[in-house]
Amino acid sequence: MCKNVKFISKIDEGKPHEVILETMDKEDVDVAIMGASGKHGLDRVILGSTTERVIRETKRPVLVVP
């Protein structure tokens with residue numbers, strides 16, 4: 001087990017992509033791990049709309065899992 005790995009789990013209000021981007025900056029996140037699709041139907045064919053917006057708007061690495 002890695003002792004120097006910090007995981008953040010939080011519940012917040014607001015537009016999901018904005019809250020995620022703010023948290024990534026505030027907490028100095030090295031990499032974000034996000035799902036490829038959300039619960040909102042076929043908003044996007046490959047990526048969920050929140051994941052897509054985070055990827056487009058951040059310079060930090062994002063790992064997308066199916």
Side-chain angles (χ1 to χ4, degrees):
M1 175 165 285
C2 296
K3 293 180 180 181
N4 62 343
V5 176
K6 179 182 173 187
F7 292 92
I8 299 169
S9 177
K10 68 186 271 185
I11 298 174
D12 227 332
E13 289 187 27
K15 293 182 180 179
H17 73 281
E18 291 176 357
V19 173
I20 292 166
L21 290 166
E22 282 177 24
T23 302
M24 288 173 71
D25 287 338
K26 261 193 247 179
E27 301 291 338
D28 196 29
V29 170
D30 293 321
V31 62
I33 302 170
M34 300 183 70
S37 62
K39 298 179 182 179
H40 298 291
L42 297 173
D43 287 342
R44 298 281 184 257
V45 175
I46 297 173
L47 292 179
S49 57
T50 299
T51 301
E52 183 178 345
R53 289 184 87 166
V54 170
I55 289 170
R56 262 193 273 139
E57 295 180 29
T58 189
K59 292 182 180 177
R60 297 175 189 268
V62 178
L63 173 63
V64 180
V65 294

Return a table of donor-acceptor pairs under 3.5 angstrom between the side chains of residues 8-27 and protein atoms on other chains or two or more places apart.
residue : atom : partner : partner atom : Å
K10     : NZ   : D12     : OD2          : 3.2
T23     : OG1  : V19     : O            : 2.9

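Counting heavy atoms from C-beta on, the side chains of M34 and I55 never come closer than 4.5 Å.
Through direct or relayed side-chain contacts under 4.5 Å between Ile, Leu, Val, Met, Phe, Trp and Tyr, L63 connects to V31, I33, V65.
The nearest pair of heavy atoms linking A36 to P66 is CB-CA, 4.0 Å.
Partners of D28 according to the salt bridge (Lys or Arg N to Asp or Glu O under 4.0 Å) rule, which considers only residues two or more places apart in sequence or in another chain, are R60.
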